[in-house]
Q: 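Handing you this structure, nothing more for now.
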Amino acid sequence: MSAAIRIQQVSKRFGATQALDRIDLEVRQGEFFGLLGPNGAGKTTLISALAGLVRADTGSLAVMGHDVQSDYRAARRHLGVVPQELVFDPFFTVRESLTIQSGYFGIRDNDNWIDEILENLGLASKANANMRMLSGGMKRRVLVAQALVHRPPVIVLDEPTAGVDVELRQTLWHFIRRLNEAGHTIVLTTHYLEEAENLCTRIAMLKAGRLVALDTTENLLRRFSAHSLRLRTGGVMPEQLTCDAAESGGWWSMPFDGFDEVEPLLARIRAAGCGIDDLEIGKPDLEEVFVRVMQGQPAETNELNAELR
Amino acid sequence: MSHGGFSTLFHKEVLRFWKVASQTVAAPVLTALLYLLIFSHVLEDHVRVHGVTYTAFLIPGLVMMAVLQNAFANSSSSLIQSRVTGNIVFVLLPPISYLEFFVAYVLASVVRGFVVGTGVLLATCWFAPLALVEPWWIVVFALMGGAILGSLGVIAGIWADKFDELAAFQNFLIMPLTFLSGVFYSINSLPPFWQQVSRWNPVFYMIDGFRHGFFGVSDESPWLSLAVVGACLALLTVFTLNLLKSGYKLRA
């Protein structure tokens with residue numbers, strides 16, 4: 001079975017900026033894959049190269065086994081892209097936009113599927129409204145719908161929830177999850193790391209055009225993040241404990257590996273005569289992973305890079 | 001061309017101008033009508049050209065000028081709007097080849113030119129008796145002229161990054177070429193120097209050949225005009241296709 005997406009040694013330079021630097025990446029069919037990185041890391045350039053909007057300087061990209069340059073018709077038929085920019089054609093209604101988009105893919109009489117998409121994205125009541133009349137959130141839904149008109153097996157969403165309300169996020173993720181369960185491969189970029197953590201089974205992180213992390217979400221969390229005991233003390237934290245703890249906004253955070261470490265930790269605090277005002281257990285989270293990978297603790301990043309190679 | 005994307009893109013481009021027909025069709029027809037009323041009022045009793053009244057001479061020129069200017073306006077304004085607003089991605093993401101892209105935009109431009117040209121003809125033909133001596137020339141030159149200006153519109157719409165750059169292209173190239181092409185006069189009435197200058201303007205041959213279809217007489221042989229216009233169309237087609245193939249400003 002061919003990979004949903006295969007990216008091999010892809011580099012792209014814009015003037016003095018190395019937007020992508022020898023990226024190797026494979027997304028398997030049926031995966032819910034996260035592509036993370038700070039602004040300017042190269043996520044959108046990579047997606048654009050995959051969609052044929054940008055031509056890579058070196059390397060190759062394929063969608064469902066079809067090279068995006070030499071076999072671009074098949075590659076594009078298998079790919080649906082939700083662009084990051086909120087773009088629309090002001091001349092047409094929602095339904096016209098979707099019918100036209102279907103036609104670009106050579107699909108006629110697509111009304112049943114268009115109706116289903118409209119229904120699932122909460123757009124049915126706006127089907128005959130002109131695109132200009134829609135709110136930003138509604139326009140975002142239409143962008144998602146336009147990417148789905150040709151039932152692509154691989155769907156790429158470039159920050160689809162940037163600046164949209166909770167209702168749309170829920171509607172969108174519900175629908176995208178269903179598509180994923182039905183076998184569609186999903187690639188998501190987002191700055192909302194909680195979303196990525198909840199949805200994606202595997203995650204790649206880009207930094208300055210380079211792939212700096214690639215693993216299952218579970219492994220990344222295990223490797224770069226830990227449970228932590230978070231507490232606010234009534235007195236001064238004993239010195240022997242501060243070397244393992246970090247303080248932020250009056251809260252001390254102490255990482256631990258197993259829950260059996262919690263009691264001895266609390267006992268040491270009590271023994272030092274330090275009262276506890278408030279206490280909680282922090283779970284490992286992707287934000288911590290992200291920050292650590294991006295800060296690039298050299299040893300860890302090198303270790304990862306070695307694995308990636 | 002059997003992949004479907006082409007016909008949808010062509011249809012969309014026609015629909016786009018038709019939805020705002022008051023701006024894209026009615027307005028240029030009214031402008032041409034005003035030109036006719038003013039120029040024929042001033043010159044009708046003083047000028048006869050190729051044995052016909054000035055008004056009769058002017059009408060085919062105005063029709064062809066409308067065909068050309070509107071063909072240019074259609075592809076150029078559509079592309080610049082799509083590029084500036086970013087919705088050009090809707091056309092770039094599907095499996096549409098650069099050849100399909102080119103033919104769809106140019107053909108839609110020709111359709112807009114024909115629609116506006118027909119409108120101008122219908123609005124002005126009441127003012128002077130018009131013959132249709134060799135109508136096939138009318139169709140050939142309208143088609144080729146529309147395609148040439150449609151191609152130029154594709155180039156301008158892709159080259160210009162801002163609306164004022166497109167306006168410069170239109171005001172400093174397209175307008176002078178179309179106005180100084182014999183729409184309002186026969187070049188035989190010009191001093192020899194300006195006659196020679198006019199013969200370097202390809203739009204002159206489009207207008208002259210088109211007008212030949214109405215009256216059977218023209219400043220140049222329609223066959224010479226056909227050769228010049230055909231060569232221009234071939235050159236521009238090759239140039240534009242190469243531009244699109246290279247991905248210039250569309251696929252970085």
Side-chain angles (χ1 to χ4, degrees), chain A residues 12-15 19 45 47-57 66 68-69 71-93 96-108 110 130-132 139 142-143 146-147 149-150 152 156 158, chain B residues 1-25 73-75 77-101 103-105 108 112 158 163 243-252:
Chain A
K12 178 69 185 178
R13 179 178 277 279
F14 292 112
T45 305
I47 289 171
S48 298
L50 196 64
L53 299 174
V54 158
R55 288 175 181 168
D57 296 334
H66 303 283
V68 302
Q69 290 299 331
D71 192 9
Y72 72 94
R73 283 190 194 274
R76 290 186 205 168
R77 251 184 230 114
H78 287 90
L79 182 69
V81 178
V82 181
Q84 190 182 127
E85 302 291 330
L86 197 56
V87 294
F88 62 97
D89 196 328
F91 288 92
F92 302 109
T93 65
E96 283 170 340
S97 295
L98 297 178
T99 306
I100 288 169
Q101 204 63 25
S102 306
Y104 289 159
F105 285 89
I107 304 167
R108 305 271 183 274
N110 203 22
N130 187 284
M131 288 299 302
R132 272 173 305 188
K139 285 188 183 117
V142 179
L143 268 184
Q146 279 178 285
V149 287
H150 57 296
V156 178
D158 194 359
Chain B
M1 294 270 180
S2 59
H3 298 274
F6 157 75
S7 58
T8 303
L9 183 55
F10 165 66
H11 181 236
K12 189 272 278 185
E13 280 301 295
V14 172
L15 205 59
R16 188 195 69 90
F17 83 75
W18 193 248
K19 283 206 168 207
V20 284
S22 61
Q23 290 171 49
T24 55
V25 179
N74 205 62
S75 49
S77 64
S78 175
L79 279 166
I80 188 113
Q81 278 175 25
S82 289
R83 286 183 53 239
V84 168
T85 60
N87 68 38
I88 190 82
V89 293
F90 298 143
V91 180
L92 297 178
L93 290 172
I96 296 174
S97 70
Y98 69 92
L99 182 64
E100 290 172 301
F101 183 98
V103 179
Y105 274 95
R112 160 106 169 255
I158 291 172
F163 287 100
L243 190 78
L244 292 171
K245 190 179 178 186
S246 75
Y248 176 71
K249 292 199 179 180
L250 292 178
R251 299 184 194 274

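Every chain is numbered from 1, with letters handed out A, B, ... down the list of sequences.
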Q: Between A/Leu143 and chain B, with a heavy-atom cut-off of 4.5 Å, which part of the residue counts as in contact: side chain, backbone, both or neither?
A: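 Side chain only.
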Q: Go through A/Thr45, A/Val54, A/Leu86 and name the one with the most non-hydrogen pairs under 4.5 angstrom from chain B.
A: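 The candidate making the most pairs under 4.5 Å is A/Val54.
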Q: Quick one: do B/Glu100 and B/Phe10 satisfy side chain to side chain contact (heavy atoms under 4.5 Å, CB included)? Show the steps, please.
A: CA-CA 9 Å; B/Glu100 290 172 301; B/Phe10 165 66; over 6 Å; no
Q: Heavy-atom pairs under 4.5 Å with chain A are the metric here; pick the option from B/Ala252, B/Gly86, B/Ser82, B/Gly247 that has the most.
A: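 Heavy-atom pairs under 4.5 Å are most numerous for B/Ala252.
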Q: Any idea which of B/Thr85, B/Leu250, B/Leu93 has the most non-hydrogen atom pairs under 4.5 angstrom with chain A?
A: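 Most heavy-atom pairs under 4.5 Å with chain A: B/Leu93.
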Q: Just how far is it from atom NZ of B/Lys19 to atom OG1 of B/Thr24, taken to the nearest 0.5 Å?
A: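 The OG1 atom of B/Thr24 is 12.5 Å from NZ of B/Lys19, to the nearest 0.5 Å.
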Q: Report which part of B/Ile88 has an atom under 4.5 Å of a heavy atom belonging to chain A: side chain, backbone, both, or neither.
A: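 Neither; nothing under 4.5 Å.
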Q: Is it the case that A/Lys139 places NZ or CZ above or below the six-membered ring of A/Phe88, under 6.0 angstrom from the centre and within 45 degrees of the axis?
A: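 Checked: cation-pi criterion met.
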Q: For A/Glu85, is it the side chain, the backbone, both or neither that has a heavy atom under 4.5 Å from a heavy atom of chain B?
A: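 Nothing of A/Glu85, per the 4.5 Å heavy-atom cut-off to chain B.
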Q: Could you measure the distance from the CG atom of B/Leu244 to the CG atom of B/Leu99? Nearest 0.5 Å is fine.
A: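 B/Leu244 CG to B/Leu99 CG: 9.5 Å, rounded to 0.5 Å.
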Q: How about B/Leu15 and A/Phe92: do any of their side-chain heavy atoms sit closer than 4.5 Å?
A: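 Counting from C-beta outward, B/Leu15 and A/Phe92 do come under 4.5 Å.
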